[in-house]
Amino acid sequence: MNKLKILNDPIYGFITIPNSLIFDLIQHKYFQRLRRITQMGMSYLVYPGAHHTRFHHAIGCVHLMQQAVNVLRFKGVTITNEEEEALYVAILLHDIGHGPFSHAMEHSIVNNVSHEQISLLFMERLNEEFNSNLTLAIKIFKGEYHRSFMCQLISGQLDMDRADYLKRDSFYTGVAEGNINSERLITMLNVVNDELVVEEKGIYSVEKFIIARRLMYWQVYLHKTGLVAEQLLIRVLKRAKELTNLGLNLNASKPLQYFLCHEISIENFNKEILNIFSELDDYDIISAMKAWQNHDDFVLSNLCEMIINRNLLKIKMKNKLIKKDKLEKHIEKLIKTYNISKKEAEYFVFTDSISNQAYQIKHQNINILHKSGKIEDIVKASDQLNLKALSKPVTKYYMCYPKEKL
């Protein structure tokens, strides 16, 4: 069977699958599940085109990694065939642990288990199946490989993950501000002392990349409507778990039912649970919400109806902390109008904060390699005064509450 397939991608055109191991991993049911997980969670309620999946994104990342390997080899960086394959495997599987709607699951029906931890569990499981062929990829994914630049290509400030998702998400949302030139960025990469650097000529591409990241966060990833929708989804799953714990039997698929009935933490996330998790995707959640919007429980039915019919809560954004009395006022109003308890009202009235830091100075700097051989951080190398400001976190506070009628 010919395993060196060519895929047609709307962003990069034709993408080739580099070898049979990558083909077999793509064919595996764990990876095929990513076709049923949206890349951008609830953002399609804001940007109707944002229906692309984690599957799209992972394939795009492999394509960019192929380019990076070619560029670095051309510049005299030694990358063995084994390292090359490991880089492709690690970037292909870096998001395999994402749950339904990407991040909502982490904050609701599992106890603080991150998608990175689940990705690692999947990779270790696949390593057993694929005769330990993923061992080096796992080492690089964990950041434990002695050649730092390889770990930086998988997870760093200028990694192939970001290089793909900014360009892809910008394309599918139609938000042109995020459209970075990932090809030029990759062409400017080099390696000095096993650390990733960007050649001086690429400085403006890096500036554009950092600014694009900031704009995409405020305009897309932290868009207030998307934020409300994700918070509602987290609350739907929390309420469903609460009711299940009280002995109510909710209409849900088998895998979702399992996670509602059991307390799952990283300590007890065994092979059996991993298999059940691998059957869970966006469709389980959507079909559950369609059923639950007719449930007798006031909280569950209203939360589900809000998401299904995009009749969301109101959201107010502020630069300073939101006063408690404002929150209490909305809670009191809800209790009075619908004769519900304070605990139930708090599902519809809440406050939280979001933070955006486009460039984290303490986290694997983006280093510029000058023609003289001198290496310095992008913030110092750039004459773009904004970059220093972009390295400081910006925090905004928000409050959500119902419109006039639920």
Side-chain angles (χ1 to χ4, degrees), residues 1-12 14-41 51-66 84-103 105-106 110 113-142 153-155 159-161 163-165 168-169 172 253 255 269-285:
M1 181 187 179
N2 173 25
K3 294 185 175 184
L4 303 180
K5 299 283 183 196
I6 295 174
L7 307 174
N8 197 349
D9 181 74
I11 314 291
Y12 311 116
F14 292 112
I15 291 179
T16 51
I17 294 175
N19 58 47
S20 59
L21 174 60
I22 296 295
F23 177 86
D24 291 337
L25 285 168
I26 290 170
Q27 287 292 82
H28 197 282
K29 63 177 183 179
Y30 289 167
F31 190 80
Q32 288 293 320
R33 180 185 76 98
L34 296 183
R35 290 182 185 272
R36 304 186 300 278
I37 306 276
T38 44
Q39 168 74 8
M40 293 180 64
H51 274 291
H52 56 303
T53 65
R54 292 268 157 199
F55 183 90
H56 278 137
H57 164 61
I59 302 279
C61 289
V62 173
H63 172 70
L64 293 183
M65 188 62 85
Q66 284 175 272
E84 178 187 5
E85 185 171 80
L87 283 169
Y88 298 156
V89 170
I91 200 69
L92 179 76
L93 303 179
H94 77 283
D95 269 350
I96 200 169
H98 267 289
F101 291 103
S102 292
H103 292 281
M105 175 107 183
E106 294 171 34
V110 291
V113 186
S114 72
H115 69 270
E116 289 93 351
Q117 288 170 311
I118 302 173
S119 290
L120 192 56
L121 293 172
F122 271 125
M123 286 165 89
E124 283 163 354
R125 179 80 192 85
L126 287 164
N127 200 23
E128 289 170 23
E129 254 181 75
F130 284 83
N131 305 322
S132 302
N133 279 328
L134 277 65
T135 307
L136 182 55
I138 291 170
K139 214 173 175 184
I140 294 172
F141 178 78
K142 285 162 87 172
L153 285 169
I154 304 293
S155 177
D159 56 31
M160 297 305 103
D161 175 32
D164 180 80
Y165 78 62
R168 191 169 296 278
D169 296 349
Y172 280 99
S253 69
F269 215 110
N270 57 27
K271 279 183 190 173
E272 184 203 347
I273 292 172
L274 191 67
N275 271 329
I276 298 167
F277 182 86
S278 75
E279 291 173 18
L280 203 55
D281 55 51
D282 293 6
Y283 297 102
D284 296 84
I285 308 294

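Along the sequence shown, residues are numbered consecutively beginning with 1. Computed over heavy atoms, backbone and side chain alike; hydrogens, waters and symmetry mates excluded.
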Check whether any side-chain heavy atom of Val62 sits under 4.5 Å from a side-chain heavy atom of Ile15, and report yes or no. no
Would you please name every residue forming a side-chain hydrogen bond (donor to acceptor under 3.5 Å, both in side chains) with Ser253, sequence neighbours left out? Asp284
How many angstroms lie between CG in Asp24 and CG in Leu126, if you round to the nearest 0.5 Å? 11.0 Å
Given 3.5 Å as the limit, does a donor-acceptor pair link the side chain of Arg33 with the main chain of Ile96, or not? yes
Do Ile17 and Leu4 make a side-chain contact, defined as non-hydrogen atoms from C-beta onward lying under 4.5 Å apart? no
Any residue meeting side-chain hydrogen bond (donor to acceptor under 3.5 Å, both in side chains) with Tyr12, in chain and number order, not counting sequence neighbours: Asp164
Using a 4.5 Å cut-off on heavy atoms from C-beta on, say whether the side chain of Ile26 contacts that of Gln32. yes
Considering residues at least two apart in sequence or located in another chain, which fulfil the side-chain contact (heavy atoms from CB on, under 4.5 Å) criterion with Asn270? Glu272, Ile273
Pairing residues for Glu128 by the salt bridge (charged side-chain N to carboxylate O under 4.0 Å, His left out) criterion, not counting sequence neighbours: Arg125, Lys271
Considering residues at least two apart in sequence or located in another chain, which fulfil the side-chain hydrogen bond (donor to acceptor under 3.5 Å, both in side chains) criterion with His56? none
Side chains of Ile6 and Phe14, heavy atoms from C-beta outward: is any pair under 4.5 Å? yes
Could you work out, with side-chain contact (heavy atoms from CB on, under 4.5 Å) as the rule, every residue matching Met123, not counting sequence neighbours? Leu93, Ile138, Phe141
Do Phe31 and Ile59 come close enough that some side-chain heavy atom pair is under 4.5 Å? yes
Between Ser119 and Gly97, which heavy-atom pair has the shortest distance, and what is it? OG-N, 2.9 Å
Using the test side-chain hydrogen bond (donor to acceptor under 3.5 Å, both in side chains), find all partners of Asp161 that sit at least two apart in sequence or belong to another chain. His57, His94
Across all chains, not counting sequence neighbours, the side-chain contact (heavy atoms from CB on, under 4.5 Å) partners of Gln117 are Val113, Ser114, Ile266
Does the Gln39 side chain pair with the main chain of His51, one donor and one acceptor, at a distance under 3.5 Å? no
Going from NZ on Lys29 to CG on Asn275, what distance comes out if it is rounded to the nearest 0.5 angstrom? 5.5 Å
What distance separates His63 NE2 from Tyr88 OH, expressed to the nearest 0.5 Å? 11.0 Å
Residues that Ser20 engages under side-chain contact (heavy atoms from CB on, under 4.5 Å), provided they are two or more places apart: Lys3
Between the main-chain N or O of Gly60 and the side-chain N or O of Asp9, is there a donor-acceptor pair closer than 3.5 Å? no
Is the closest side-chain heavy-atom distance between Phe277 and Leu121 below 4.5 Å? no
I want to check something: taking the side chain as every heavy atom from C-beta on, are Ile22 and Asn19 in contact at a cut-off of under 4.5 Å? yes
Go through Ile37 and Asp282 one step at a time and tell me if the side chain to side chain contact (heavy atoms under 4.5 Å, CB included) criterion holds. CA-CA 6 Å; Ile37 306 276; Asp282 293 6; 4.0 Å; yes
When rounded to the nearest 0.5 angstrom, what distance separates CD in Glu124 from CD in Glu129? 13.5 Å
For Tyr30, ring pair (Phe, Tyr, Trp, His ring centres under 6.0 Å) partners two or more places apart: His28, Phe122
Could you measure the distance from the SG atom of Cys61 to the CD1 atom of Ile154? Nearest 0.5 Å is fine. 9.0 Å
Hey, could you give me the CG/OG distance between Leu34 and Ser278, rounded to the nearest 0.5 Å? 11.0 Å
Considering all heavy atoms, the nearest Ala137-Ala90 contact: O-CB, 3.7 Å
Do the side chain of Arg35 and the main chain of Thr53 share a donor and acceptor less than 3.5 angstrom apart? no
Report the residues that fulfil salt bridge (charged side-chain N to carboxylate O under 4.0 Å, His left out) with Glu85, sequence neighbours left out, ordered by chain and then residue number. none
Please enumerate all residues that pass salt bridge (charged side-chain N to carboxylate O under 4.0 Å, His left out) together with Arg36, with sequence neighbours excluded. Asp281
Counting N and O atoms only, with roles assigned by atom type, does the side chain of Asn133 sit under 3.5 Å from a partner on the main chain of Asn127, one being a donor and the other an acceptor? no
